[in-house]
Amino acid sequence: MAGDEKAQSKVEQAKGKVKEKAGSAVGNERLEAEGHAEQAKGDAREAKENLGHARRGPLFLAQQLASA
């Protein structure tokens with residue numbers, strides 16, 4: 001699941017960047033704004049994923065190593 005979330009965030013960021021650049025190139029402000037919003041959505045998804053990892057942190061790692 002974690003890999004899927006990370007991949008999804010990267011896809012959203014890339015699609016957003018393409019839309020933003022395309023909108024900018026043709027002068028379409030709506031497309032540019034959609035691209036910016038999609039990038040922000042991908043950034044938020046990535047931040048959520050990183051927060052989950054940080055929350056588990058060293059204690060989680062120590063528990064995993066102790067049970068191995």
side-chain hydrogen bond (donor to acceptor under 3.5 Å, both in side chains) involving N28 - partner list, sequence neighbours excluded: none

Going by salt bridge (charged side-chain N to carboxylate O under 4.0 Å, His left out), name the residues that satisfy it together with [X], two or more places apart in sequence or in a different chain.
X   : answer
K15 : E38
E12 : K41, R45
K10 : E46

All pairs passing salt bridge (Lys or Arg N to Asp or Glu O under 4.0 Å) where residues 23-32 contributes a residue, at least two apart: R30-E34

Of the non-hydrogen atoms in G42 and S9, which two are nearest, and what is the gap between them? O-CB, 3.4 Å

Which pair of non-hydrogen atoms, one from Q13 and one from D43, has the smallest distance, and what is that distance? NE2-OD1, 2.7 Å

